[in-house]
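Atoms within a ligand are numbered from 1 in the order they appear, just like the ligands themselves. Keep in mind that the numbers below use all heavy atoms, side chains included, and drop hydrogens, waters and symmetry copies.
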Amino acid sequence: MTNYQSLGIRPVINAYATVTKFGGSLMPPEVLSAMSQAAGSFVDLAQLQRRVGERIAELTRNEAAYVTSGAAAGVMLSAAASVLVKHPEAAKNFPHIAAFKHEAIVHRSHRNTYDFAVQQAGLKFIEIEPSVSALRAAINERTACIFWFQGAMNSPNDIPLAEMIAIAAERDIPVIVDAAAQLPPVENLWRFTEMGAAIALFSGGKDLRGPQPTGLMLGRKDLIDSIRPISNPNHGLGRPLKVGKEEMLGLLAAVERYLRLDHAARAQYCEEAVALFCAALNPLPGVCAERVFPNEAGQPLPWCLVTIDPAALDRSADDIVTAFLAHEPAIAVSPLDETQFHLNPMTLNPGEEVVVRDACLNLLAKA
Ligand SMILES: *Cc1c(COP(=O)(O)O)cnc(C)c1O
């Protein structure tokens, strides 16, 4: 039988986050079943992409939707769309688009490891300090779009998103919001676009629990239609970012499930898991565990910050993170620094919180 064990690979309990490094998230039965049905017959792929997009758009209160091969692919395709919508002839030129609108304005503080995808499409970042005058000064004839990255990179100093959108609208410049990890809350599926963002991007393989290599591009129909000619099954910049029929139906099933999900019960599960961790860990000498809310991505779910005294335990938090992975079963926790790590309940299957707690007692008491 083909499985992880037959390859000598140990499965991991995920108390870290929806990180790609450990497989993102687990697909629920309704997603697997939709993928398996899709795998049973051939279909016109472009037609399926359109119909799935229409259905997801309807469900998420957006004008249009497109299934991408991940949010990072969505970043690249949205950047390309902002050029194509003004210059359809640029389709043949990517990434050599200096003759067209090709600048993407961004808060300097929002630059992050995923934004390379903007440059892969050939756009050039114009970084601004967080002031309206800097934004206005950066806008010119070459401006294709404004990127906004939502998450840990945001700060109260940012130009408010609504204000950026209003200023961009004066010049007909699309604002693209990378909200890859901004679920929950489920309302974010329409919140950014209702505010006037031209496109909002989400990962399909994070909390949506769709197929790991999928993403959602939601928003303006003209922008989404502009990338169809250069995307799979057509040829051009988007052709290597292939999305299959299984992923399309799987992501649709994941969106349907997410909209039906009892998010309050799920948050309650996370609260109980964090309370369980705190109650078990706090009596241990040299260990302090506390509830932190919201979590790092800003999702409205609690997680547990564990602080240790490396002198008392005779090892660092990093050593403990490594020991969790070597533990049987292997557990991934979220590393922070030499004295702290997080236990994140959002990616645990019910029941695994007890396994994580027991591993903590084992590793931290023995230390
Ligand atoms: C996770 C993440 C991405 C990448 O998403 P994928 O679906 O893995 O491609 C992009 N941007 C941000 C801000 C993210 O958190």
Side-chain angles (χ1 to χ4, degrees), residues 14 16-27 31 56 60 65-82 104 106-121 123 125 127 145-155 158 161 164 175-185 188-189 191-193 197 199-219 227 231-232 237-238 240-244 246-248 250-252 254-255 258 294-301 303 332 334 342 344 346-347:
N14 184 352
Y16 188 155
T18 52
V19 286
T20 299
K21 180 177 151 109
F22 289 108
S25 58
L26 299 179
M27 289 184 281
V31 174
I56 292 178
T60 62
Y66 193 83
V67 180
T68 65
S69 58
V75 168
M76 193 203 289
L77 291 174
S78 305
S82 73
V106 67
H107 274 99
R108 175 164 296 141
S109 56
H110 285 204
R111 292 298 308 275
N112 65 83
T113 45
Y114 297 104
D115 70 25
F116 188 71
V118 172
Q119 299 165 87
Q120 277 180 293
L123 284 84
F125 272 123
E127 296 181 0
C145 58
I146 297 175
F147 262 88
W148 175 280
F149 292 90
Q150 183 75 26
M153 54 294 270
N154 296 130
S155 99
D158 292 351
L161 177 57
M164 269 203 147
V175 175
I176 298 160
V177 176
D178 176 359
Q182 301 304 308
L183 297 172
N188 278 351
L189 288 170
R191 185 168 78 89
F192 299 108
T193 40
I199 294 287
L201 302 165
F202 297 91
S203 287
K206 289 182 180 165
D207 203 51
L208 273 175
R209 297 178 63 181
Q212 178 50 197
T214 61
L216 263 184
M217 187 171 165
L218 301 175
I227 56 160
S231 285
N232 177 55
L237 184 75
L241 311 174
K242 185 191 245 182
V243 180
E246 298 81 6
E247 282 74 29
M248 291 183 195
L251 184 59
L252 172 57
V255 170
Y258 205 68
N295 64 21
E296 187 203 18
Q299 298 149 340
L301 293 172
W303 63 342
S334 176
H342 283 96
N344 191 344
M346 77 176 287
T347 36

Requested in this report: Carefully, step by step, assess D207 and Y258 under the rule side-chain contact (heavy atoms from CB on, under 4.5 Å).
Outcome: CA-CA 9 Å; D207 203 51; Y258 205 68; 2.6 Å; yes
Report task. Distance to 0.1 Å, residue and atom name: give those for the protein heavy atom nearest to atom 5 (O) of ligand 1. Result -> S203 OG, 3.0 Å
Report task. Examine the side chains of D158 and H110 and answer whether a donor and an acceptor come within less than 3.5 Å of each other. Result -> yes
Query raised in the report: So is there a nitrogen or oxygen of F149 less than 3.5 Å from a nitrogen or oxygen in ligand 1?
Result: no
Query raised in the report: Would L161 and V175 count as a side-chain contact (heavy atoms from CB on, under 4.5 Å) if you check the C-alpha gap in whole Å, the side-chain angles of each, and the deciding distance to 0.1 Å?
Result: CA-CA 9 Å; L161 177 57; V175 175; 4.1 Å; yes
Requested in this report: Check the pair L237, M76 against side-chain contact (heavy atoms from CB on, under 4.5 Å), reporting the backbone distance first and the verdict last.
Outcome: CA-CA 9 Å; L237 184 75; M76 193 203 289; 3.9 Å; yes
Query raised in the report: In the protein, which heavy atom is nearest to atom 8 (O) of ligand 1, and how far is it?
Result: T20 OG1, 3.7 Å
Query raised in the report: Should you measure from each heavy atom of G70, which atoms of ligand 1 turn up under 4.0 Å away?
Result: 7 (O), 9 (O)
Query raised in the report: Is there a nitrogen or oxygen of Q150 sitting under 3.5 Å from a nitrogen or oxygen of ligand 1?
Result: no
Query raised in the report: Side chain, backbone, both or neither: which part of N112 comes within less than 4.0 Å of ligand 1 when only heavy atoms are counted?
Result: neither
Query raised in the report: Is any N or O atom of Y114, backbone or side chain, closer than 3.5 Å to an N or O atom of ligand 1?
Result: no
**Report entry** Parallel, tilted or perpendicular: ring planes of F125 versus F147, cut at 30 and 60 degrees
**Finding:** perpendicular
Query raised in the report: Is the backbone N or O of N14 less than 3.5 Å from a side-chain atom of T347, with the two atoms forming a donor-acceptor pair by type?
Result: yes
Query raised in the report: With a 4.0 Å cut-off on heavy atoms, is K206 touching ligand 1?
Result: yes
Query - For A72, the ligand 1 atoms whose distance to one of its heavy atoms is below 4.0 Å - result: 4 (C), 5 (O), 6 (P), 9 (O)
Report task. Give the intermediate values and the outcome of side-chain contact (heavy atoms from CB on, under 4.5 Å) for residues V75 and V118. Result -> CA-CA 6 Å; V75 168; V118 172; 3.4 Å; yes
Query raised in the report: Distance-only, no hydrogens or angles: does the N188 side chain make a donor-acceptor pair with backbone N or O of Q182 under 3.5 Å?
Result: yes
Query - Check: A180 N/O within less than 3.5 Å of ligand 1 N/O - result: no
Query raised in the report: Tell me, which protein residue and heavy-atom name are nearest atom 13 (C) of ligand 1, and how many Å apart are they?
Result: D178 OD2, 3.5 Å
